[in-house]
Amino acid sequence: MASGGANYRNGTQRNSLKGTTTATDRQLSMNSNPSKAALKNKSLSSVGASSGLRKSSPGPLGGGTAKDDAGVPGRVRVAVRLRPRNAEESVADADFADCVELQPEFKRLKLRKNNWDTDTYEFDEVLTEFASQKRVYEVVAKPVVESVLDGYNGTVMAYGQTGTGKTYTLGRLGEEDTADRGIIVRAMEDILADVSLESDSVSVSYLQLYMESLQDLLDPTNDNISIVEDPKSGDVSLPGATLVEIRDQQSFLELLQLGEAHRYAANTRLNTESSRSHALLMVHVKRSVKGRELAHSSQNGNSTNMAKSLRPTLVRKGKLVVVDLAGSERIDKSGSEGHTLEEAKSINLSLSALGKCINALAENSAHVPVRDSKLTRLLRDSFGGTARTSLVITIGPSPRHRGETTSTIMFGQRAMKVENMLKLKEEFDYKSLARKLDIQLDKLIMEHERKQKAFEEEIERITTDTQNQISEAERNYADAMEERLKYQKDYMESIKKLEEKWMMNQHKLGERKDQMASTAEEVVELQKLLSKETSLRKAAEEEVNNLKSQLAQLKMSEASANSEILKLRKMLEDEAYRKEKLEGEISMLQTQLLQLSFEADETRRRLDRGGPGKVLGGLDSLISQVRPQVNDSVNEEKASIANLFEQVGLQKILSLLEAEDADVRIHAVKVVANLAAEESNQQKIVEAGGLTSLLLLLGSSEDEMIHRVAAGAIANLAMNETNQELILSEGGIRLLSITAANAEDPQTLRMVAGAIANLCGNDKLQNKLRDEGGIKALLGMVKCGHPDVLAQVARGIANFAKCESRASAQGSKTGRSLLIEDGALPWIVQNANNDASPIRRHIELAVCHLAQHEVNARDMITGGALWELVRISQDCSREDIRTLAHRTLTSSPTFLAELRRLRIDY
């Protein structure tokens, strides 16, 4: 159990430095103007001046005396923050207590193992779910920011399970409520408030580590940045990263928004926008010590000459690294699959490597495995290096995630044992002095050239202006004459039109007199028709009353019929269960028959090769092999597909897909479909040509059962990204579309829709998928009306819309959505509030993703999708989807303008 008695704002543990804390605080308060006393009457080239500059810097963090080369010891500071229960946990864990209990006044945390036993841990700071963003910044990050401003390196890092609030703690922009600003925004505010932009500089790099590839979030094309280490000092640098100088807070916020748009995120069971990469924000602060002293002396009335102003400047370079680690997750809880599963593996491997390094540092091991991961190489200075490091671990209260919470707490406990050696980063800026001299020389040369050319330019300007004025006067005269002729022509035409109009009015006046005479006759006829209609209405009312009485009788008979229908439906379900059980037994016996046919074919070939002398021996061998298998099948009533795969061989099974006997083809394709359901068999099936055979069978066969089973097998194989490209290259979309157009069985349509929905989730294949009719095929299947088919269609549309939204955010796609161009929007709007939960959830996600691209906004308003988006943001049962819809509405100028036009407050 870790000790929590140390002061969080000091650089080392309080219990080991009690005697020096007071002296250190006094030294910090006295050195508000660093290095002023040390620079008096000293030569810049002397050794004593260098020593004096070091001594004038702020005192060692946490006590002790700083030396020129030796570092100041400083332990990694760890704070724990508890996230409040979300909507899902409030319902699912309503009957269970939180798995943790916080005691912030004692800086302790209790982890409940069960209803009786708890484990107690101490941290440098314990933050409850009610802690404000300002409080978190002041106790976690502000001491590190102050050290960076004084010339030290600093690191602020968030670690925890996915969905526990790491990104909220670090990267919240606070656009709607400034109180929600995260550590990154508040740190930059303090830095910009403390530096002088005339003599100091602040520059930023924003990176992400995705699948062990270091990528530039400010320049997405720069997706493979190399890590360079200084062999002498061990410092890590990134020469290929984009470095942007920051002059104000607004430009910094725009830079953060640009970087966040390029981060990888995915929808999992634990988080709708789970970060799939580690984000690193590097803030380089370069401060001029001499610049501040000159400003101070000028305020006191002291004058400086040019020789003194050209002295080399003493520069302190501090670097702040803010690390938003991707959340650790368990695959069985997050539901990751396909490419998302590979991302989760990469995240867990890099976090595991970081944990190993921290364990080695905490145990003072001779070997620290820093090179096991790019993440540990990037954080080499943060743990066991020269930086001042603060770690905030985020946890959730749900008892369902007690294991992940325990792992996060133990990570923080081990990190508290890591000791860093803080070092001041300062040097003389001779390059800056050389640049100043070059600039002054260039200014003198340019001033001379400017005065020399000033007279010539002025003469040329006057000549040009005179010529332009003459040309303008000539053009104005020509335009005035042309306009006068035009007005005369228009005047004559207007007079002629007025005369024609007067003649027409005279003619119409005579016609109206004739119409008034005929109108009186029509009024009499209308009165007769009105009386007739009145009598007919009375008769209709009597007929309606009779129909109402008949309707009441029909409702009574319908109620009795419904009870009978329920009884019949129960009987049908029982019969369906028996039928399904019998079909399973028949399938098992057919599989055994298929195996016997393989053995019989083999025996027949042996007979043909061996002649009459080997007939009896071959038959005896066949009977001895078949009889035990048949007896086992009868006794166990079940055959193992895996045993059939090992005994018969994949090539033989695939060859039966081309058999002339329809029953054999049906049995063979069922076996292949069962094998394809196992992920371990999919690669073998594809390499053996099974995918090609299934596509050929889907196009050549007319049997409905073969279509259903083959489409199911292709849907399983389509879950792999490599197989998806192979399916499209061999015309799979066209074959699936033809099958969907000809199929009538809902289960066949469900299999085909599932295969196309899996293909819709591939970013690289969207245009080709649409060109070959994939979207049209999905929309064509909705006429079936079966809930399972509609759920797969909705899933495919949601996958396609999500890929389009991601491509638009990355700048690789422009123009309207392909879904809107193919006419999917009316169906999406119609089913956005479907009674079936799976259909409604996918459609709501599709609406949110389509609305994120501004070019789709006008079509969505015309098609009625705006109202559904408003409804989702207010009435959706899932909080994450509701939040996504609200953020999309508030960030779209087109939607907000339409709501204001309709006078709807949002």
Side-chain angles (χ1 to χ4, degrees), residues 337-339 342 645 649-660 662 664-666 668-743 748-781 792-793 795-796 799-800 803 818 822:
E337 58 184 9
H339 186 66
E342 297 301 322
F645 176 63
L650 182 59
Q651 291 293 344
K652 290 185 179 180
I653 296 175
L654 293 178
S655 64
L656 291 178
L657 295 175
E658 302 175 0
E660 296 181 357
V664 174
R665 289 200 305 273
I666 292 174
V669 75
K670 286 184 177 180
V671 173
V672 174
N674 288 327
L675 291 173
E678 298 291 335
E679 185 176 356
S680 59
N681 299 330
Q682 293 180 358
Q683 187 63 28
K684 298 177 182 178
I685 294 174
V686 174
E687 290 176 354
L691 179 57
T692 303
S693 300
L694 288 170
L695 291 173
L696 291 174
L697 185 63
L698 188 66
S700 60
S701 177
E702 298 180 356
D703 188 275
E704 184 77 13
M705 181 177 292
I706 290 179
H707 287 172
R708 180 173 67 253
V709 180
I714 293 172
N716 288 333
L717 295 176
M719 297 175 68
N720 182 277
E721 184 174 351
T722 304
N723 297 343
Q724 292 173 357
E725 296 179 359
L726 183 59
I727 291 173
L728 258 71
S729 65
E730 296 192 5
I733 289 295
R734 180 180 57 81
L735 293 174
L736 290 171
S737 301
I738 294 173
T739 303
N742 298 330
T748 303
L749 292 173
R750 180 175 67 88
M751 296 297 182
V752 174
I756 297 178
N758 289 337
L759 295 173
C760 286
N762 193 317
D763 295 344
K764 304 175 183 177
L765 308 178
Q766 291 221 309
N767 289 329
K768 190 172 182 181
L769 179 71
R770 185 255 186 150
D771 293 341
E772 295 192 7
I775 299 177
K776 294 289 187 181
L778 276 178
L779 296 176
M781 285 184 276
Q792 293 298 327
V793 172
R795 182 171 69 89
N799 287 342
F800 197 94
C803 291
L818 300 180
D822 280 1

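- Closest of all the heavy-atom pairs between L759 and A718 is CD2-CB, 4.2 Å.
- Taking 4.5 Å as the limit, every side-chain heavy atom of N799 sits out of range of all side-chain heavy atoms of N758.
- Shown here for G754 and R795, the closest heavy-atom pair between the two residues is O-NH2, 3.3 Å.
- Heavy atoms only, all atoms of each residue included: M751 and A711 are closest at CB-CB, 3.7 Å.
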- Worked verdict on Q724 versus K764 for side-chain contact (heavy atoms from CB on, under 4.5 Å): CA-CA 10 Å; Q724 292 173 357; K764 304 175 183 177; over 6 Å; no
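- Note: L818 CG to C803 SG = 11.5 Å, rounded to the nearest 0.5 Å.
- Taken from OG1 in T739 to CD in E704, the straight-line distance is 9.0 Å, to the nearest 0.5 Å.
- Residues S693 and L696 fail the side-chain proximity criterion, which asks for heavy atoms closer than 4.5 Å.
- No option in D822, I756, I733 other than D822 meets the side-chain contact (heavy atoms from CB on, under 4.5 Å) test with I775.
- A 4.5 Å side-chain heavy-atom check between E725 and T722 finds every atom pair outside the cut-off.
- Inter-residue side-chain proximity for H707 and L698 is flagged as met; some heavy-atom pair is nearer than 4.5 Å.
- The CG atom of L717 sits 9.5 Å away from the CG atom of L726 when rounded to the nearest 0.5 Å.
- S737 and E772 are not linked by any side-chain donor-acceptor pair at a separation below 3.5 angstrom, with hydrogens and angles left out of the test.
- Taking the side chain as every heavy atom from C-beta outward, K684 and L675 never approach each other to under 4.5 Å.
- Other residues, nucleotides and ligands place no more than 12 heavy atoms under 6.0 Å from the CD atom of E679.
- Across every non-hydrogen atom of A755 and L736, the tightest pair is CB-CD1, 4.0 Å.
- Between E721 and N762, the shortest heavy-atom distance links the atoms CG-ND2, 3.4 Å.
- Here the straight-line distance linking atom CG of L778 with atom CG of L749 works out to 11.0 Å at 0.5 Å rounding.
- In this structure, N720 and V686 have side chains that are not in contact, with every pair of non-hydrogen atoms separated by 4.5 Å or more.
- Between V709 and V672, every side-chain heavy-atom pair lies at or beyond the 4.5 Å cut-off.
- Note that the CD atom of E730 and the CG atom of L735 stand 9.5 Å from one another [nearest 0.5 Å].
- How far OG of S729 is from NZ of K768: 6.0 Å, rounded to the nearest 0.5 Å.
- At distances below 3.5 Å, not a single donor-acceptor pair connects side-chain atoms of S701 with backbone N or O atoms of L697.
- Closest non-hydrogen pair, G732 versus L695, comes out as CA-CD2, 3.9 Å.
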